[in-house]
Amino acid sequence: MSSINSFTALSPNASHVVGAAASDNAPNIKIAKFAQISLNHTLSSSSLKIPAKQLGKVENLHLVSLSKQGKLKEAREFLNQMDDACVSVSPHSYECLLETCGNLKSLSDGRYFHERLGRTAKNSSGFLQNCVLRMYCDCGSLGDAQRLFDEMIERNLVSWGKIISAYAQAGFLSKSFWLFRDMLESGVKPDLLIYTGLLKYFKNPSYLEAGKQLHSHVIRGGLSSNLSVNTAISNMYVKCGWLEGAKLLFDQMADKDSVAWTGLMVGYTQAEKPKDALSLFANMVMEGVELDDFVFSIVLKACAGLEDLKLGKQIHAYIVKLGLESNVSAGTPLVDFYVKCDILDSACRAFERISEPNDVSWSAMICGFCQNDKFEEAVKTFKSLRSKGPVLNSFIFTNLFQACSALADFSLGAQAHADAIKGGLVSYLYGESALVTMYSKCGRLDYATEAFESIDAPDTVAWTAIISGNAYHGNASEALRLFGRMQNCGARPNAVTLIAVLTACSHSGLVSEAKHHMKVMRSEYGVHPTIDHYNCMIDVYSRAGLLKEAFELIKNMPFDPDKTSWKCFVGGCWTYKNLELGEIGAENLLQLDQEDTAGYVLLFNLYTSCEKWEEAAHIRKLMTERNMRKELSCSWITVKGKVHRFVVGDKHHPQTGEIYSKLEELNHSTNNNGSDILSEEDVSLCSLPERKAYALDHSERLAIAFGLISTPTNAPIVIFKNLRACKDCHDFAKHVSTITGREIIVRDACRFHHFQSGECSCNDYW
DNA sequence: CTAGGGTTAG
């Protein structure tokens, strides 16, 4: 904006144009117009009639303005017009243009300007050559950079510094060192920029030895008392993992400012020694070092790591006292701190006090909503952010994908995915894994697989995401095949990966595979089993009807069984009609939680399956007495981006008539007279004694019927429901898939069911 | 005149 204004101020109609620019928002149009006017003006008013090139102050300002806006194409066109008009290009214009090429990594434009520079300014200065060199380095084209460097006659410290650090940045450290030696041999004495330019790319332990050599070189070169160089070396030691070395040097430094202190505090925080970082901060305050906003970002991170609310609040008070609360650098980590301490209110307040929140502030806030299960808030915040127009970043999208997973919002998720691709903001691994999970939780394992296969070198989390997706969609063999592939690729399974593997086994009755993975997980993968792993195993046995094994495991495992342990077990007892063990399990379950609806439902179904009618009736009575109403059951389906939600017996939908006649048509073709199985859906109605559990108008069926009449016949019907699918509706979905030939995907509270031609991917386990 | 530092994610 400022460049545009400086340009309009010079225009012949300055007041006019400035007024217009202030009232409307179309500065680009003004510039385009002016571009023509200015050239005509220059030509017609060249009263001196000098054939030689004119400098053209206004034209060059326009060029600078274009390059600052990143409009390289327009700049090239304008450059041609300037040629035609014999107006020459100033060195400063070239500097700006080349800088923009480097920033945008636009090598072709950069080469064009380089070539043009060589053509028009034969003896271009060392300064401009350095600009070109920097452009090539910034574009990552070491070949171009090297070629130019070889041609350069007037190499100065800037040239040497640039090419040396470019090789270091690209990881060619030995090449950097060769050049460094060449430089010394050619009699050039390195200055601090050479060292700092090189040191900042020493970012992992493999650079430590080289870093030490460079350090000794600094000492021999007499720069060992320079604050910036010392800070750079100390930070180099931090990044190379030698914290003691960093501290040693730090302690020797005569003068230290807040930058130096911050660097070392980062080291301690990254080494998971937040307490040491905080004691450094205490020393810093005691020594009276002037504090700035950056210091607080690392101090708050250390507090967040310790989840030390009291200390964090003290720091917060300090920030307020220094008047830094509205400062984005102090305010943003404050938001994050309160998020990590699970105080969302305070996080929101801190966010609102930031006067100019940046993308990091927004993503910290959106992340905060996600971590506190406020996914709708996260989406709302994202939408308001997008309408306001500040920069979006890859963190924000990663969080948004997570929110879409939780909300199973496929249309927003896919839209966001497209936007992220357009902006180049799908973060490697983080964003990509979030996408895999998102698509899989939205019922689209096909998209999830595609997203996974496009990941360059998937890490443990990415592999786990796709394995777990297949597990929940009932593709056990594919899950296990992926698990094998994962190991061939050298990714190490972690605790979550093994949960996914065991889940895959349990949903497909692969008992011996599950036993094997359970047995070797510690020795082969170094993963210590948790209660979640044991619960998976209990589930495996229970679903397979190996109830004695399941019961033995519950009794002998190194953890106290929790609700999940008993639920899996009782579920198996119901399926296999084992009243004796089932009662024991149910008793234990209800002892752990009297209020858990699922416990009563399981017990009721256990009794009815064993034809114990009196006991079953008793459970019903208990449920009514205890007013078991937890969560209203509902199912929903998204059609054309709009969510249609149904509850049992729902007649609120505008197309209710069509939906019910479709249902009738479908019921007509089944012999379903309802059963005695009680579903959570019936329970949620809370009118148990009156209601016959016929399940004919369950929310799931309403959603399926609506899906049939409102989606294209070749598209899968994707239904979500908040509770577990009931047996009758499961049969119903199978039936519908047969008679209509449609694929039906139902996500219930536990997993996905893919119905096709009368079969379900869950093999009737769920 | 500057350099050297930080905060967000699966």
Side-chain angles (χ1 to χ4, degrees), chain A residues 161 191-197 199-200 223 226-236 238-239 246 249-250 253 255-267 269-270 277 281 284 291-305 327-337 339-340 347 350-351 354 357-371 378 391-403 405 420 425-438 440-441 451-452 455 458-466 468 494 496:
Chain A
D191 69 348
L192 82 169
L193 287 174
I194 298 276
Y195 291 112
T196 55
L199 284 164
K200 68 176 159 204
L223 278 166
N226 181 290
L227 174 59
S228 302
V229 177
N230 281 329
T231 307
I233 295 170
S234 172
N235 289 330
M236 177 273 292
V238 164
K239 280 180 268 179
L249 172 61
F250 180 83
M253 283 161 61
D255 54 2
K256 302 178 263 244
D257 60 6
S258 70
V259 179
W261 285 90
T262 308
L264 198 60
M265 284 162 64
V266 169
T269 312
Q270 283 173 351
F281 177 68
M284 182 181 175
L291 302 176
D292 61 17
D293 44 356
F294 277 40
V295 176
F296 287 106
S297 55
I298 193 64
V299 171
L300 284 164
K301 188 178 169 149
C303 293
N327 179 300
V328 66
S329 300
T332 304
L334 202 50
V335 172
D336 180 56
F337 166 75
V339 165
K340 298 246 163 77
F351 178 77
I354 302 173
N358 62 14
D359 57 327
V360 182
S361 327
W362 284 95
S363 67
M365 197 62 247
I366 292 173
C367 163
F369 285 125
C370 287
Q371 284 181 6
V391 228
L392 296 172
N393 65 29
S394 60
F395 286 73
I396 293 172
F397 277 106
T398 303
N399 277 305
L400 185 65
F401 298 150
Q402 205 193 329
S405 308
L425 295 173
V426 180
S427 157
Y428 174 60
L429 296 180
Y430 282 87
E432 289 171 316
S433 308
L435 277 172
V436 173
T437 302
M438 186 210 38
S440 127
K441 290 204 174 169
F452 174 76
I455 301 178
D459 68 352
T460 300
V461 180
W463 281 105
T464 303
I466 192 66
S468 139
N494 65 17
V496 188

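Proteins come first, then strands; the chains are lettered A, B, ... in the order of their sequence lines, and each starts at number 1.
Residue contacts for Val461(A): at a heavy-atom cut-off of 4.0 Å it reaches a base atom on one of the strands shown. Residue-level contact check: Asp293(A) touches neither bases nor backbone, having no heavy atom under 4.0 Å from any strand. Across all strands, Gln402(A) comes closer than 4.0 Å only to sugar-phosphate atoms, never to a base (heavy-atom distances). Among the protein residues, Ser258(A) comes within range of the nucleic acid bases, having at least one heavy atom under 4.0 Å from a base atom. Among the atoms of the strands shown, base atoms are found under 4.0 Å from some heavy atom of Asp459(A). As judged by a 4.0 angstrom heavy-atom cut-off over every strand, Leu192(A) is placed among the base-contacting residues. Base engagement by Ala462(A) is indicated by at least one non-hydrogen atom pair under 4.0 Å involving a base atom.
Here the P atom of nucleotide dG6(B) and the CG atom of Asp359(A) are 16 Å apart, to the nearest Å. Taking atom CG of residue Asp336(A) and atom C1' of nucleotide dT8(B), one finds them 7 Å apart after rounding to whole Å. To the nearest angstrom, P of dA3(B) lies 20 Å from OH of Tyr195(A). Rounded to an integer number of Å, the gap from CG of Asn494(A) to C1' of dG10(B) is 12 Å. Asn235(A) has its CG atom 14 Å from the P atom of dA3(B), to the nearest Å. Per the geometry, CZ belonging to Phe395(A) stands 5 Å off C1' belonging to dA9(B), to the nearest Å. A straight line from CG of Asn327(A) to P of dG6(B) spans 16 Å, rounded to a whole angstrom. Atom CG in Asp191(A) sits roughly 14 Å away from atom C1' in dC1(B) (whole-Å rounding).
Formation of a donor-acceptor pair under 3.5 Å by the Asp293(A) side chain with backbone atoms of Phe296(A) is not found in this model. One N or O on the side chain of Asn399(A) and one on the backbone of Phe395(A) form a donor-acceptor pair closer than 3.5 Å. Side chain of Asn235(A) to backbone of Val238(A): no donor-acceptor contact under 3.5 angstrom is found. Ser234(A) places no side-chain N or O within donor-acceptor distance of the main-chain N or O of Asn230(A), the cut-off being under 3.5 Å.
In terms of phosphate contacts, Gln371(A) brings no side-chain nitrogen or oxygen within less than 4.0 Å of OP1 or OP2 of dT8(B). The shortest distance between the side-chain N/O atoms of Lys200(A) and the OP1/OP2 oxygens of dA3(B) is not below 4.0 Å. The side chain of Lys340(A) places no N or O atom within less than 4.0 Å of a non-bridging phosphate oxygen (OP1 or OP2) of dT7(B).
Nearest to the side-chain atoms of Leu227(A) among the listed nucleotides dG4(B), dG5(B), dT8(B) stands dG4(B). Distance from the side chain of Cys367(A) is smallest to dT8(B) among dG5(B), dT8(B), dA3(B). Taking every side-chain heavy atom of Val295(A) into account, dG5(B) is the closest of dG5(B), dG10(B), dT8(B). Among the nucleotides dA9(B), dA3(B), dG5(B), the one closest to the side chain of Thr262(A) is dG5(B). When distances run from any side-chain atom of Tyr430(A) to the nucleotides dA3(B), dT7(B), dA9(B), the shortest one goes to dA9(B). Nearest to the side-chain atoms of Ser363(A) among the listed nucleotides dG5(B), dG10(B), dT8(B) stands dT8(B). Side-chain proximity of Val360(A) to dA9(B), dT7(B), dG5(B): nearest is dT7(B).
No hydrogens or angles were tested; on distance alone, nothing pairs the side chain of Asn399(A) with the base of dG10(B) as donor and acceptor under 3.5 Å.
For Phe351(A) and Trp362(A), the gap between ring centers is short of 6.0 Å.
In the model, Thr460(A) has no side-chain atom that pairs as donor or acceptor with a side-chain atom of Asn494(A) under 3.5 Å.
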